[in-house]
A.B. asks: 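Sharing a structure here in structure tokens format.
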Amino acid sequence: MCGRFVRKEEKVLLESRFNCDTLAGILPAPEYNIAPSQDCPVVTVEGDRRVLGLMRWGLVPAWSDDVKIGYRMINARAETVAEKQSFKTLLKKSRCLVPASGFYEWKKLAGGGKTPYFIRLKGGGTFAFAGLWTVWHAGKDDELHSFTIITTSANELMSPIHDRMPVILHEKDEARWLDPELGKPGDILPLLVPYPSGDMECWEVSPYVNSYKNKGEECIKPVTSGHSRRP
DNA sequence: CCAGACGTTGTT
DNA sequence: GTCTGG
DNA sequence: CCAGACGTTGTT
DNA sequence: GTCTGG
């Protein structure tokens, strides 16, 4: 679940919305169909300031001897993230915000097919997924920064589509999620819950989005004549 | 102590 | 790197 | 997440 | 069917 998302924000908007500076490199343009292995802007804490840096979606743990593991480490389960050895240290020390405008889920059909849905906050505001990040060393000076998105059970809006959904942080909780002083599970696990259904909306979109190569407005256009509706 | 594993999803 | 299992 | 590939030998 | 790649 949560294997594709959307980020329509410009760099300037991201910096103001998340109160951060741009760390290094050129940020990619707004993006409609972000897939695993792509580089995305991610907000982390360095010392006493927030920074926006680029990382690859799909966690490549420091111990891995193969970068390809990242293709399958795109999510971490909230229910077990404090216990799994691959995540517990990161949960304590390496949390991040992943800015987004929405995400996709594919609903399985009885006939064996699948239909993509676009999901976002009501009205389309910018939000942050709860993420974990790490560094992998390919060579002596070769660092790969990567991240994963935490998932939780589906809320009422999502459950007709899928049984899992990404953790979306309430804006007031973003500072807590990033606070390096907070390392105890009791401080931060309560944030990893489904976002309220009433504050979200979703609609069916075209299978055009099935290919991550397809970009643009078409990726979030309702498949039924312009009206958003429940699945 | 060392050796060995370390993840999610969906589908069956 | 860090945790679990033997 | 979905799309797309999925192989070896020998010769150049 | 299953794995890899983006």
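Chain letters run A, B, ... following the sequence lines, proteins first and then strands; every chain starts at 1. Everything quoted here is computed from the prediction, not taken from an experiment.
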A.B. asks: Report the hydrophobic cluster partners of A/Val51, with the cluster defined as I, L, V, M, F, W, Y residues connected by side-chain heavy atoms closer than 4.5 angstrom, directly or transitively.
C.D. replies: A/Leu23
A.B. asks: How does each nucleotide of nucleotides 1-6 of chain E score, in 5' to 3' order, for protein heavy atoms under 4.0 Å: base (B), sugar-phosphate only (S), or none (-)?
C.D. replies: ----BB
A.B. asks: Partners of A/Lys215 by salt bridge (charged side-chain N to carboxylate O under 4.0 Å, His left out), sequence neighbours excluded?
C.D. replies: A/Glu31
A.B. asks: Who passes side-chain contact (heavy atoms from CB on, under 4.5 Å) against A/Tyr208, sequence neighbours left out?
C.D. replies: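 In terms of side-chain contact (heavy atoms from CB on, under 4.5 Å), with neighbours along the sequence ignored, A/Tyr208 is linked to A/Ser206, A/Asn214, A/Glu218, A/Cys219.
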A.B. asks: Strictly by salt bridge (charged side-chain N to carboxylate O under 4.0 Å, His left out), give each pair with a member in residues 174-192 of chain A just once, sequence neighbours left out.
C.D. replies: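 Those involving residues 174-192 of chain A are A/Arg17-A/Glu174.
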A.B. asks: Restricting to pairs with a member in residues 76-89 of chain A, which pass side chain to side chain donor-acceptor pair (under 3.5 Å), not counting sequence neighbours?
C.D. replies: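 Listed by first then second residue: A/Glu79-A/Arg164.
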A.B. asks: Who pairs with A/Asp173 by side-chain contact (heavy atoms from CB on, under 4.5 Å), at least two apart in sequence or on another chain?
C.D. replies: A/His170, A/Leu191
A.B. asks: Hey, could you give me each pair passing salt bridge (charged side-chain N to carboxylate O under 4.0 Å, His left out) that has a residue in residues 42-59 of chain A? Not counting sequence neighbours.
C.D. replies: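 For residues 42-59 of chain A, and leaving out neighbouring residues, the salt bridge (charged side-chain N to carboxylate O under 4.0 Å, His left out) pairs sorted by first residue read A/Asp21-A/Arg49.
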A.B. asks: Using the side-chain contact (heavy atoms from CB on, under 4.5 Å) criterion, which residues pair with A/Ser159? Sequence neighbours excluded.
C.D. replies: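 So A/Ser159 forms a side-chain contact (heavy atoms from CB on, under 4.5 Å) with A/Ala154.
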A.B. asks: Going by the rule side-chain contact (heavy atoms from CB on, under 4.5 Å), which residues pair with A/Lys68 if we only count those two or more places apart in sequence or in a different chain?
C.D. replies: A/Asp66, A/Tyr71
A.B. asks: Output one line per pair: protein atom, nucleotide atom from nucleotides 1-5 of chain B, and distance, for all N/O pairs under 3.5 Å.
C.D. replies:
none

A.B. asks: Under a 3.5 Å cut-off on both pairing distances, which runs of 3 or more consecutive Watson-Crick or G-U pairs involve DNA chain D?
C.D. replies: D:1-6 with E:1-6
